[in-house]
Amino acid sequence: MIAGTMQMVKRALSGPAVFAAALMVLFMTCSAGAAQAPLAPAFSAVGMDGKTVSSRQLAGKAYIVNFFASWCPPCRSEIPDMVQLQNTYKAKGFTFVGVAVNESDETIKSFMKSNGISYPVVMADQKLVGAYGRYVEGGIRSIPTSFVVNRSGRIVQIVSGARSKAVFEKMILDALRPVKAVK
């Protein structure tokens with residue numbers, strides 16, 4: 001649904017400002033129509049701390065799956081804000097889940113420690129990349145790419161590129177809102 005709509009928007013509009021405005025409308029529409037948004041893929045992976053991270057454990061929580069790399073400047077720029085927001089919203093039923101792309105275990109463990117990352121981080125594999133990539137036209141081709149999942153387990157936003165603390169906070173608050181049943 002999202003990928004097809006994105007393709008139509010890309011064809012219909014040109015210019016970065018117009019495209020950005022169309023994306024905002026699309027994301028607001030997807031948030032409002034969260035009951036029709038696609039279910040987030042089921043996954044299970046061992047985190048860098050040795051603990052299992054799974055969609056089953058996250059059921060009923062809002063979360064953002066963030067594909068990133070330690071060598072990626074835009075990824076590095078958003079990490080401090082993500083750490084602060086994790087600390088602020090964890091008690092309210094939210095978490096980030098970092099998915100490290102093209103990294104070694106040692107590099108990511110060191111990166112997590114030096115950046116104070118307190119949310120779960122797993123290593124990307126083809127299965128996880130493919131599961132989320134099917135919601136992006138052409139698959140996940142750039143990082144950071146984030147998938148916002150609401151409390152009902154539905155992907156309500158897909159964001160490519162780094163975001164500010166304020167933008168992440170709005171996405172988190174929207175994902176934490178109770179989803180009204182469709183009558």
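The structure displayed is predicted, hence computed values, not measured ones. These numbers come from the heavy atoms of this one structure, side chains and all, not from hydrogens, waters or symmetry mates.
- The hydrophobic clustering, which links ILVMFWY residues whose side-chain heavy atoms are closer than 4.5 Å, places Val156 and Leu39 apart.
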With side chain to side chain contact (heavy atoms under 4.5 Å, CB included) as the test, would you mind laying out the steps for Phe147 and Ile140 before giving the verdict? CA-CA 11 Å; Phe147 296 81; Ile140 298 171; 3.9 Å; yes
Before giving the answer on side chain to side chain contact (heavy atoms under 4.5 Å, CB included), spell out for Met82 and Ile64 the whole-Å C-alpha distance, their side-chain angles and the decisive distance to 0.1 Å. CA-CA 10 Å; Met82 292 168 60; Ile64 295 177; 6.0 Å; no
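- If you chain together hydrophobic residues whose side chains sit under 4.5 Å apart, Leu128 and Val46 never meet in one group.
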Step by step, would you call Val148 with Asp174 a side chain to side chain contact (heavy atoms under 4.5 Å, CB included)? CA-CA 9 Å; Val148 183; Asp174 288 346; over 6 Å; no
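- To the nearest 0.5 Å, atom CZ of residue Arg163 and atom CD of residue Gln157 are 9.5 Å apart.
- Taking hydrophobic clusters as Ile, Leu, Val, Met, Phe, Trp and Tyr residues chained together by side-chain heavy-atom distances below 4.5 Å, Val167 shares a cluster with Tyr89.
- Taking each heavy atom of Gly116 and Val83 in turn, the nearest pair found is O-CG1, 3.3 Å.
- Phe96 pairs in a side-chain contact (heavy atoms from CB on, under 4.5 Å) with only one of the listed residues (Ile172, Val121, Ile79), which is Ile172.
- To the nearest 0.5 Å, the span separating OG on Ser164 from NZ on Lys170 amounts to 12.0 Å.
- Here the CD atom belonging to Gln57 is positioned 11.0 Å from the OH atom belonging to Tyr63, to the nearest 0.5 angstrom.
- Between Met123 atom CE and Asp105 atom CG the span is 5.0 Å, to the nearest 0.5 Å.
- Trp71 places a side-chain heavy atom less than 4.5 Å from the side chain of Asn102.
- Expressed to the nearest 0.5 Å, how far OH of Tyr119 lies from CZ of Phe94 amounts to 9.5 Å.
- Between the side chain of Ser55 and the backbone N or O of Phe43 there is at least one donor-acceptor pair closer than 3.5 Å.
- In this structure, Met171 CE and Leu85 CG are separated by 9.0 Å, a value rounded to the nearest 0.5 Å.
- Under a 3.5 Å cut-off, the side chain of Arg151 and the backbone N or O of Ala62 do not form any donor-acceptor pair.
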When you look at Ser70 and Glu103, which way does the side-chain hydrogen bond (donor to acceptor under 3.5 Å, both in side chains) test go after all the steps? CA-CA 8 Å; Ser70 66; Glu103 295 279 6; 2.7 Å; yes
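- Residues Gly93 and Leu176 share a closest heavy-atom pair of O-CD2, 3.8 Å.
- Judged by distance alone, the side chain of Asn115 and the main-chain N or O of Ile117 form no donor-acceptor pair under 3.5 Å.
- Within the 3.5 Å criterion, the main-chain N or O of Ser142 finds a donor-acceptor partner in the side chain of Thr145.
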